[in-house]
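Below, chains carry the letters A, B, ... as their sequence lines are ordered, and counting in each starts from 1.
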Protein chains: 2
Amino acid sequence: MKRDSRLSGVLHVLLHMAQQPGPFTSETLARAMETNPVVIRRIMAGLRDLGYVRSEKGHGGGWTLACDLSKVTLRDVYAALGSPSLLAMGNRTEAPGCLVEQAVNAALNQAFADAEALLLARLGEVTLKMLSEDLRKRLGSRKIHGIGAHRA
Amino acid sequence: MKRDSRLSGVLHVLLHMAQQPGPFTSETLARAMETNPVVIRRIMAGLRDLGYVRSEKGHGGGWTLACDLSKVTLRDVYAALGSPSLLAMGNRTEAPGCLVEQAVNAALNQAFADAEALLLARLGEVTLKMLSEDLRKRLGSRKIHGIGAHRA
DNA sequence: GTTTCATGTAACTTTATATGTTACGTGATG
DNA sequence: CATCACGTAACATATAAAGTTACATGAAAC
């Protein structure tokens, strides 16, 4: 299965934005992520609707952070994407009449639910602020570089 | 993303086989699972290679259980499928030069690894025998039915 | 007010992967 | 040797993410 990298992508964008004042155009962000501006707008749409970022049209427009980074967790960001399914595996049939299938589903669903719950909990423990601070540590003594200096 | 249901499928097959003596042709199993015989052979190939089941050609041939059901866990079955990825989400880039990407990956990988580990652990706790016994409970007082009586 | 810029969004293409299907080879049974 | 059943390659289909094109909307610059 093709793995969904939207969460990874949107976090990348948000972290870039946290490094310097905005606004950033979709075009600029897309170049930094080596993707298309439309893709940026797509993954940012949910965040905008929830008020985590703001977007402005016209000259000098673009995307701006509009939230307290210490209040927004990775789980919130995940939810803003529409909470896509976390697991790559699922039941063959969701509401089977076959008792064999029911037995299989019962066993798998328990394991699946546990794993999903743990993953969501972990994502809920990490705020954007924590991520941003981790990034600054990685940047180390290096001069805080702008998006222009982004390394492919 | 399309969710992988091979684990669910192969467990379904194994449970059916545990309900009555074999051998079962791919054709028979496929009818019970509403799929194609080739699909059955495909998902059974790994199990055969690991010795969990045996396959015989020619007249009277087919698939037979060849393991101690109390010794094989759902995790073993999962491994027999080739350990396909468990999570539907992943990193945008696996070994990024970009520090922002590295920071994002570090945070996500931790959460992902925890969830995967828990899922594997849970699968490792359930044996085929436990599944089979759960199934018999579900069948209740009902006469143990054969595959022929399988309900669509 | 017209031009330019930037987002918003629909529609289409591409890509990846699971699943389904056809065809044919191999070996075992009768 | 004819039939049965697996083994496997090759091809077809389905679904979802990602990429692309096109155009509408609204804001700023001139």
Side-chain angles (χ1 to χ4, degrees), chain A residues 1-10 12-13 17 22-49 52-64 66 78 81-94, chain B residues 1-10 12-13 17 22-49 52-64 66 78 81-94:
Chain A
M1 157 210 330
K2 195 186 214 162
R3 284 168 101 178
D4 184 341
S5 66
R6 280 175 294 179
L7 180 57
S8 173
V10 75
H12 191 161
V13 168
M17 292 173 67
F24 303 85
T25 67
S26 303
E27 169 75 27
T28 302
L29 295 172
R31 250 198 312 271
M33 308 236 335
E34 299 180 295
T35 183
N36 193 291
V38 178
V39 174
I40 300 292
R41 295 191 190 115
R42 214 141 56 186
I43 63 179
M44 297 288 276
L47 292 163
R48 181 195 54 222
D49 295 346
Y52 297 155
V53 297
R54 226 180 9 229
S55 63
E56 308 278 359
K57 293 180 176 178
H59 281 277
W63 299 90
T64 321
Y78 162 73
L81 293 176
S83 304
S85 76
L86 295 169
L87 299 179
M89 319 199 62
N91 296 129
R92 227 174 48 86
T93 308
E94 223 39 68
Chain B
M1 151 214 329
K2 197 185 214 165
R3 285 168 100 175
D4 184 340
S5 66
R6 281 175 292 181
L7 180 57
S8 174
V10 76
H12 190 161
V13 168
M17 291 173 67
F24 302 86
T25 67
S26 303
E27 170 76 27
T28 304
L29 294 172
R31 251 198 311 271
M33 307 235 338
E34 299 178 296
T35 182
N36 192 291
V38 178
V39 174
I40 300 292
R41 294 190 191 116
R42 213 141 58 188
I43 63 179
M44 296 289 276
L47 292 162
R48 180 194 56 221
D49 295 345
Y52 298 154
V53 296
R54 225 179 9 226
S55 63
E56 308 281 357
K57 294 180 176 178
H59 282 278
W63 298 92
T64 322
Y78 162 74
L81 293 176
S83 303
S85 75
L86 294 169
L87 299 180
M89 317 198 64
N91 295 129
R92 226 173 48 86
T93 309
E94 223 39 70

*How does each nucleotide of nucleotides 20-30 of chain D score, in 5' to 3' order, for protein heavy atoms under 4.0 Å: base (B), sugar-phosphate only (S), or none (-)?*
BB---BBBBS-
*Send over the distance from B:Leu87 CG to D:dA17 P, rounded to a whole Å.*
15 Å
*Taking the side chain from A:Asn91 and the backbone from A:Thr93, do they hold a donor-acceptor pair closer than 3.5 Å?*
no
*Whole-Å distance between C:dT17 C1' and B:Leu7 CG?*
17 Å
*Side chain of B:Lys2, base of D:dA16: donor and acceptor closer than 3.5 Å?*
no
_In whole Å, I'd like the distance from the CD atom of B:Glu34 to the C1' atom of C:dT19._
14 Å
*For the pair made of CH2 in A:Trp63 and P in C:dA6, what is the distance, rounded to whole Å?*
14 Å
*Counting just side-chain N and O atoms, does B:Ser5 come under 4.0 Å of either OP1 or OP2 of C:dA18?*
no
*Judged by atom type as modelled, is there a donor-acceptor pair below 3.5 Å linking the side chain of A:Tyr52 to the main-chain atoms of A:Met44?*
no
_Under a 3.5 Å cutoff, is there a donor and acceptor pairing between the side chains of B:Thr25 and B:Thr28?_
yes
*In terms of the nearest nucleotide of DNA chain D, which residue is placed more toward the 5' end: B:Arg92 or B:Gly61?*
B:Gly61
*asked:* Check whether B:Arg92 reaches the backbone of A:His12 with its side chain - one donor and one acceptor, N or O, closer than 3.5 Å.
replied: no
*What is the distance from CD of B:Glu27 to P of C:dT22, rounded to the nearest Å?*
12 Å
*May I ask you to evaluate whether A:Arg54 reaches the phosphate of C:dT7, defined as a side-chain N or O under 4.0 Å from OP1 or OP2?*
no
*Just to confirm, is there a sub-4.0 Å distance from OP1 or OP2 of C:dT7 to any side-chain nitrogen or oxygen of A:Ser26?*
yes
*Do the side-chain N or O atoms of A:Ser55 get closer than 4.0 angstrom to the phosphate oxygens (OP1, OP2) of C:dA6?*
no
*Measure from CG on A:Leu81 to P on D:dA16 and round the result to the nearest Å.*
17 Å
*Can you check whether B:Arg3 has a side-chain N or O nearer than 4.0 Å to OP1 or OP2 of D:dA17?*
no
*Rounded to the nearest angstrom, tell me the gap between atom CD1 in B:Ile40 and atom P in C:dT19.*
11 Å
_I want to check one thing: is the phosphate of C:dA6, taken as OP1 and OP2, less than 4.0 Å away from some side-chain N or O of A:Thr25?_
no
*Just wondering, do B:Val53 and B:Thr64 contact through their side chains at under 4.5 Å, heavy atoms?*
no
*Return the value, rounded to whole Å, for the distance between atom CG of B:Asp4 and atom P of D:dA16.*
14 Å
*Contact check, side chains of B:Pro23 and B:Glu56, non-hydrogen atoms, under 4.5 Å*: no
_B:Arg42: side chain to side chain contact (heavy atoms under 4.5 Å, CB included) partners, not counting sequence neighbours_ = B:Val38, B:Val39
